[in-house]
Amino acid sequence: MKLSLVVPCYNEEGNIALFYKAVADTFEGHDFDYEIVFVNDGSTDGTLNVLKKLVTGPAAIKIISFSRNFGKEAAMLAGLENADGEYVTVIDADLQQHPSVVLDMIEKLDVNPEIDCVAAYQGERNEDAKMSFFKDAFYKVVNLITDTEFVSGASDFRTFRRPMVDSIVKMKEYFRFSKGIFSWVGYNTEYIPYTVNKRANGESKWSFFKLFRYALDGIESFTTRPLRLSLWLGILFIIISLPLFVISLATGKSAAVSAVFFVGGTILGCMGILGEYLAKTYIQGKGRPIYIVKEKISNR
Ligand code: UDP
Ligand code: MG
């Protein structure tokens with residue numbers, strides 16, 4: 001098997017057939033065999049039924065259907081674990097990422113044996129200014145405080161060579177942040193620009209708040225430096241408080257109220273950081289599965 005397409009699907013009933021057709025049309029006339037691994041991430045619409053209809057078609061199809069919604073990260077992992085291809089592509093079901101880009105990725109891998117992964121990044125962003133601002137800020141912060149490189153604008157839309165896939169699926173962390181994982185495992189990644197299309201049907205599942213939460217998860221998954229930051233902050237404030245104490249003694253004025261707020265806020269903030277890591281350790285410690293498969297279907 002030359003290529004596996006891994007497709008996470010959450011409430012994509014209107015897009016699956018279009019996606020399938022776009023893939024078939026794009027790959028027609030190209031002489032390689034491929035499979036499509038659809039992961040139904042607990043869709044509540046007709047996604048699973050639409051997927052099951054594809055099984056009777058000519059293409060090699062696998063359907064991995066979750067018992068509930070576990071999130072795109074879990075769906076990507078399940079897809080990668082079930083992909084048999086020599087090359088494996090992660091691609092969205094909504095046609096924002098067109099399969100024709102996959103052909104460019106494959107060609108890059110074919111002619112450059114030293115490249116292990118071709119990742120697409122958004123040449124130009126089709127989103128509002130607020131979103132762009134926060135995304136840029138996130139990448140600046142995350143690259144500053146972690147040792148793992150995060151490339152701004154890079155998406156999960158990428159094609160891996162088999163050895164890299166095998167390395168990625170070995171990472172069984174519960175709080176998954178793929179862009180970090182893809183970078184953490186190493187190997188050579190080549191970035192190519194692509195244009196993001198409008199969603200064919202349905203809506204994006206990402207709200208601003210969800211993205212913010214995801215960004216925090218990303219930072220916490222790849223660095224423990226904020227923990228140390230709280231220690232340094234504590235030391236800094238103790239040092240600052242000493243001359244302040246002397247001044248208030250000398251002038252007879254009390255700085256008590258502002259000091260209480262200042263120190264209280266710092267302590268709460270530090271405890272919050274501590275809590276974030278503690279909660280993650282707790283959940284990871286329970287060793288729960290990252291996803292649960294309810295049904296698995298394949299036509300090969
Ligand atoms: N997705 C998923 N589980 C989720 C949310 C999204 O499998 O909980 C899938 C979704 O069906 C799509 C891809 O992940 O194929 C990207 O989702 P979306 O289009 O909502 O994100 P955006 O393109 O807006 O970043
Ligand atoms: Mg999308």
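Since this is a predicted model, take the numbers as computed values, not measurements. Numbering of ligands and ligand atoms starts at 1, following listing order.
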For atom 25 (O) of ligand 1, which protein heavy atom lies nearest, and how many Å away is it?
W206 CD1, 3.4 Å
Counting non-hydrogen protein atoms only, what is the nearest one to atom 18 (P) of ligand 1? Give residue, atom name and distance.
R199 NH2, 3.5 Å
What atoms in ligand 1 come closer than 4.0 Å to a heavy atom of C9?
7 (O), 11 (O)
Has Q96 got an N, O or S atom lying less than 2.8 Å from the Mg ion (ligand 2)?
yes
Taking every heavy atom of K2 against every heavy atom of I106, the minimum-distance pair comes out as CE-CG2, 4.0 Å
Closest protein heavy atom to atom 23 (O) of ligand 1, given as residue, atom name and distance to 0.1 Å:
Q96 OE1, 2.7 Å
To which protein heavy atom is atom 24 (O) of ligand 1 closest, and what is the distance rounded to 0.1 Å?
S204 OG, 2.5 Å
N/O/S from D94 sitting under 2.8 Å away from the Mg ion (ligand 2):
yes
Kindly indicate whether the side chain of Y282, heavy atoms from C-beta on, has any atom under 4.5 Å from the side chain of L278.
no
Could you check atom 1 (N) of ligand 1 against the protein and tell me its nearest heavy-atom contact, residue, atom and distance included?
Y10 CB, 3.7 Å
Decide whether a cation-pi geometry holds between R68 and F66; the criteria are a distance under 6.0 Å from NZ or CZ to the six-membered ring centre and an angle within 45° of the ring axis.
no
What's the verdict on ring-ring contact (aromatic ring centres under 6.0 Å, His included) for F138 and F212, showing C-alpha distance, side-chain angles and the deciding distance?
CA-CA 9 Å; F138 165 72; F212 186 72; 9.5 Å; no
The closest protein heavy-atom partner of atom 16 (C) of ligand 1 is D92 OD2, 3.3 Å
Quick one: CD1 on I290 to CE on M76, what's the gap to the nearest 0.5 Å?
12.0 Å
Side chain, backbone, both or neither: which part of E12 comes within less than 4.0 Å of ligand 1 when only heavy atoms are counted?
side chain
Roughly how far apart are I91 CD1 and S4 OG, rounded to 0.5 Å?
13.0 Å
Rounded to the nearest 0.5 Å, how far does CZ of F160 lie from CE of M105?
9.0 Å
Would you say the rings of Y87 and Y34 are close, in the sense that their centroids are separated by under 6.0 Å?
no
Under 4.0 Å to a heavy atom of D94 - the qualifying atoms of ligand 1, by number:
19 (O), 23 (O)
Between D94, D92, N40, which is the residue that forms a side chain to side chain contact (heavy atoms under 4.5 Å, CB included) with E12?
D94
Just checking R288: does its CZ atom have more than 12 heavy atoms from other residues, nucleotides or ligands closer to it than 6.0 angstrom?
no
Residue and atom name of the nearest protein heavy atom (relative to atom 20 (O) of ligand 1), distance in Å to one decimal:
K205 N, 2.7 Å
Heavy-atom distances under 4.0 Å decide this one: backbone, side chain, both or neither, for N69 against ligand 1?
side chain
Considering only heavy atoms of A93, which atoms of ligand 1 have at least one such atom less than 4.0 Å away?
15 (O)
Protein contact of atom 3 (N) of ligand 1 - nearest heavy atom, named by residue and atom, plus distance:
D41 OD2, 2.6 Å
Relative to atom 9 (C) of ligand 1, which among P8, S43, A74 owns the nearest non-hydrogen atom?
P8
